[in-house]
Trainee: 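Following this message is one structure expressed as C-alpha cells.
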Amino acid sequence: MSTLNAPQFRDEQAAYDYVEAILWPNGPVCPHCSNCNQDRITLLQGKSTRIGLRKCKDCRKPFTVKMGTIFEDSHAPMTHWLQAIYLMCSSKKGISTRQLQRTFGGSMRTAWHMGHRIRLAMTPSDMSPIGGEGCTVEADETYLGKSPKTRKKGPKFSKKEPQVFSLVDREGNIRSMFLDHRNVRRTLMKHIHEDSRLVTDGANYYRFTGLKHESVDHSKYEWVRGDVHTNTLENFFSIFKRGMVGVYQHMDKKHLDRYLAEFDFRRNTRAKLGINDTMRTALAVQGAKGKRLTYKQSEG
C-alpha cells in the first residue's frame, strides 16, 4: 500500500487529528491565553463550523491547531499540507515549486509560499554550539555559482557568488549557513563547542583558533590521513549542489538559509539513524509550532 494512502493524507478530519496529536500531545492549548484545562475548552460542532474549531471558555476566543504555526491563515486543505511535507521530507534533493504546483493545483505563489513555510518548520530551534568533549567536528565551506578555484558553473545568482559554511559533528548533526559579509572564523567560533576536535582543510582562517585542530592539505592532493578528512561535508555539499542545480535551479540569496535548513533537516533525520520518511514527516510537523511565516515576510 502506498504511504500516501494513509488517512491523514486523504481525509481532512484525519489530517487535523494527526496534526493535533503531534502539536497537542496533552490535549488542546489555547494560543490566546495558554489555557490547557480541557474542561475549559469546547470543540464546536455546528453544521457550518470549520474542522477542528474550538472555543476557550477563559478568554472566550475561538482557535484551531493551525494558529501560531506555519499553517495559520492558509486556505490549502490540511491533507495537501501533509502531502507536501511528506514529499519534501522524502525527496533527497528537494522538490521544486513548479512540481508542487502541478501536484496540488493552485497558483505558483501558493506553492512557493507553502515550500518556504515547510522549510521554516525544518529550521532547528536549538542553536547551541556543535560538538563537545570527545567529539570530532568537520568544518568546510563551498561556493555556489562559479567557484574561485574551479570556475565550474552552479545555480544562477547575481555577480557576487554566495559562500556556504557548514559544521558537522560526526556523531551528531550538521549546521549550514550562508556567509556573505560575515567572517568564517567568527562564525566558526560562534557555532562550535570549545572542547571539540576540529578537522578542516588547509585554509588559513581555521588556524590559530585555540581549538584542538587537525587538517588535510588539498593543494598537495592530501584528502585523508587516518581519520582526518572533510569527506562528510564534501558528500553533503555534493547532494546540496545537485539539488540546487537540478531541482531549484534559481533562488535569491536572501532565501538561501531556508534551503540550507531543508537539506540539513533531511541529513539530520536520515535513514541511517533509523528514521524513515513517515517519521521524518512527523518531525517536520512538530517543528511547525511557533513558526508563522506570512507571504510578505517570505518575500522580504
Trainee: Between Gln99 and Ser96, is there a donor-acceptor pair closer than 3.5 Å when you use the side chain of the first and the backbone of the second?
Mentor: no

Trainee: Give, for atom CG of Leu293 and atom CZ of Arg119, the distance between the pair rounded to the nearest 0.5 Å.
Mentor: 11.0 Å

Trainee: Can you confirm whether the side chains of Thr110 and Ser107 place a donor and an acceptor under 3.5 Å from each other?
Mentor: yes

Trainee: With the threshold set at 4.0 Å, does a side-chain nitrogen-carboxylate oxygen contact exist between Glu72 and Lys66?
Mentor: no

Trainee: If every non-hydrogen atom of Glu222 is compared with every non-hydrogen atom of His218, which pair is closest and at what distance?
Mentor: O-CD2, 3.2 Å

Trainee: Start with the C-alpha distance between Leu167 and Leu188, add both sets of side-chain angles, then the distance that settles side-chain contact (heavy atoms from CB on, under 4.5 Å), and finish with yes or no.
Mentor: CA-CA 8 Å; Leu167 290 166; Leu188 169 68; 3.5 Å; yes

Trainee: Under a single-linkage definition using a 4.5 Å side-chain heavy-atom cutoff for Ile, Leu, Val, Met, Phe, Trp and Tyr, are Met122 and Trp112 assigned to the same hydrophobic cluster?
Mentor: no

Trainee: So does Phe237 get a backbone contact from the side chain of Arg242, meaning a donor-acceptor N/O pair under 3.5 Å?
Mentor: no

Trainee: Any side-chain heavy atom of Cys56 within less than 4.5 Å of one from Lys61?
Mentor: no

Trainee: Does the side chain of Gln13 pick up a donor-acceptor pair with the side chain of Tyr18 at under 3.5 Å?
Mentor: no

Trainee: How about Glu138 and Thr232: does a side-chain donor come under 3.5 Å of a side-chain acceptor?
Mentor: yes

Trainee: Would you say that His193 contacts Ile130 through its side chain, given a criterion of any heavy-atom pair below 4.5 Å between the two side chains?
Mentor: no

Trainee: Do the ring planes of His213 and Tyr206 sit parallel (below 30°), tilted (30 to 60°) or perpendicular (above 60°)?
Mentor: tilted

Trainee: Going from CD on Gln8 to CG on Asp11, what distance comes out if it is rounded to the nearest 0.5 angstrom?
Mentor: 10.0 Å

Trainee: For Gly132, does its backbone N or O pair with a side-chain atom of Ser196 as donor and acceptor, under 3.5 Å?
Mentor: yes

Trainee: Are Leu53 and Phe71 linked, directly or through intermediate hydrophobic residues, by side-chain heavy-atom contacts shorter than 4.5 Å (ILVMFWY only)?
Mentor: no

Trainee: Can you confirm whether Leu120 sits close enough to Arg117 that some side-chain heavy atom of one is under 4.5 Å from a side-chain heavy atom of the other?
Mentor: no

Trainee: Do Ile118 and Ile275 belong to the same hydrophobic cluster, where Ile, Leu, Val, Met, Phe, Trp and Tyr are linked whenever their side-chain heavy atoms lie under 4.5 Å apart, directly or via other members?
Mentor: yes

Trainee: Is the shortest side-chain heavy-atom distance between Met177 and Asp257 below 4.5 Å?
Mentor: yes

Trainee: If you measure from the Lys or Arg side-chain nitrogens to the Asp or Glu carboxylate oxygens, is any gap between Asp169 and Arg175 under 4.0 Å?
Mentor: no

Trainee: Considering residues at least two apart in sequence or located in another chain, which fulfil the ring-ring contact (aromatic ring centres under 6.0 Å, His included) criterion with Tyr259?
Mentor: His116, Tyr248

Trainee: For residues Gly52 and Glu20, report the shortest heavy-atom separation together with the two atoms involved.
Mentor: CA-OE2, 4.0 Å

Trainee: Tell me, please, which residues at least two apart from Tyr86 pass ring-ring contact (aromatic ring centres under 6.0 Å, His included).
Mentor: Phe9

Trainee: Less than 4.5 Å apart, side chain to side chain, heavy atoms only: is that true for Cys89 and Phe265?
Mentor: yes

Trainee: Kindly give the cluster partners of Val224, where membership spreads through any ILVMFWY side chain lying under 4.5 Å from a current member.
Mentor: Tyr221, Trp223

Trainee: Under a 3.5 Å distance rule, please check whether Asn183 uses its side chain to pair with a backbone N or O of Arg186 as donor and acceptor.
Mentor: yes

Trainee: List the steps and the verdict of side-chain contact (heavy atoms from CB on, under 4.5 Å) for Asp140 and Thr200.
Mentor: CA-CA 6 Å; Asp140 201 4; Thr200 69; over 6 Å; no

Trainee: Answer yes when Asp277 and Arg280 have at least one side-chain N-carboxylate O distance shorter than 4.0 Å, and no when they do not.
Mentor: yes

Trainee: Less than 4.5 Å apart, side chain to side chain, heavy atoms only: is that true for Ile85 and Met88?
Mentor: no

Trainee: What heavy-atom pair brings Gln101 and Ala111 nearest, and what distance separates the two atoms?
Mentor: N-CB, 3.8 Å

Trainee: Out of curiosity, Leu211 CG to Asp195 CG, how far, rounded to the nearest 0.5 Å?
Mentor: 9.0 Å

Trainee: Would you list the pairs meeting salt bridge (charged side-chain N to carboxylate O under 4.0 Å, His left out) in which at least one residue belongs to residues 93-112, sequence neighbours left out?
Mentor: none

Trainee: Spell out, as yes or no, whether a donor-acceptor pair under 3.5 Å connects the side chain of His32 to the backbone of Pro62.
Mentor: yes

Trainee: Nearest 0.5 Å, what's the OG1-CE distance between Thr69 and Met67?
Mentor: 9.5 Å

Trainee: So, Asp201 versus Thr230: side-chain donor-acceptor pair below 3.5 Å or not?
Mentor: no

Trainee: Do you know which two heavy atoms are closest between Lys55 and Phe63, and how far apart they sit?
Mentor: C-CE2, 4.3 Å

Trainee: Given the rule that I, L, V, M, F, W and Y join up when any side-chain heavy atoms are under 4.5 Å apart, are Val247 and Leu87 in one cluster?
Mentor: no

Trainee: Under 3.5 Å, is there a donor-acceptor pair between the side chain of Ser2 and the main chain of Leu4?
Mentor: yes

Trainee: Decide if atom CZ of Arg10 counts as having more than 12 heavy atoms of other residues, nucleotides or ligands within a radius under 6.0 Å.
Mentor: yes

Trainee: Regarding Arg266 and Glu262, does a basic nitrogen lie under 4.0 Å from an acidic carboxylate oxygen?
Mentor: yes

Trainee: Taking the side chain as every heavy atom from C-beta outward, state whether Leu82 and Val285 have any atom pair closer than 4.5 Å.
Mentor: yes

Trainee: May I have the step-by-step check of side-chain contact (heavy atoms from CB on, under 4.5 Å) for Asp264 and Phe236, ending in yes or no?
Mentor: CA-CA 9 Å; Asp264 283 354; Phe236 172 77; 3.2 Å; yes

Trainee: Regarding Arg197 and Thr136, do their side chains bring together a donor and an acceptor under 3.5 Å, going by distance alone?
Mentor: yes

Trainee: More than 12 heavy atoms of other residues, nucleotides or ligands under 6.0 Å from NZ of Lys92: yes or no?
Mentor: no

Trainee: Give every residue pair that meets the side chain to side chain donor-acceptor pair (under 3.5 Å) criterion with at least one member in residues 33-46, sequence neighbours excluded.
Mentor: Arg40-Asp58

Trainee: Has the side chain of Glu214 got a donor or acceptor atom that lies under 3.5 Å from a matching backbone atom of Val199?
Mentor: no

Trainee: Nearest 0.5 Å please: distance from the CD1 atom of Ile51 over to the CG atom of Leu44.
Mentor: 13.5 Å

Trainee: If you define the side chain from C-beta out and look only at heavy atoms, does anything of Phe263 sit under 4.5 Å from Ser176?
Mentor: no

Trainee: State yes or no: do Ile41 and Tyr16 share one hydrophobic cluster built from I, L, V, M, F, W and Y residues joined by side-chain heavy-atom distances below 4.5 Å, directly or via other members?
Mentor: yes

Trainee: Without swapping roles, check the side chain of Asn231 against the backbone of Glu234 for a donor-acceptor pair under 3.5 Å.
Mentor: no

Trainee: How many angstroms lie between CD1 in Ile174 and CZ in Arg270, if you round to the nearest 0.5 Å?
Mentor: 9.0 Å

Trainee: Once ring-ring contact (aromatic ring centres under 6.0 Å, His included) is applied, do any residues pair with His80, and if so which ones, sequence neighbours excluded?
Mentor: Phe104

Trainee: Using side-chain contact (heavy atoms from CB on, under 4.5 Å), reason through Phe178 and Leu144 one step at a time and then give a plain yes or no.
Mentor: CA-CA 10 Å; Phe178 159 50; Leu144 299 178; over 6 Å; no

Trainee: Where do Arg54 and Pro28 come nearest, in terms of heavy atoms and distance?
Mentor: NE-CG, 3.3 Å

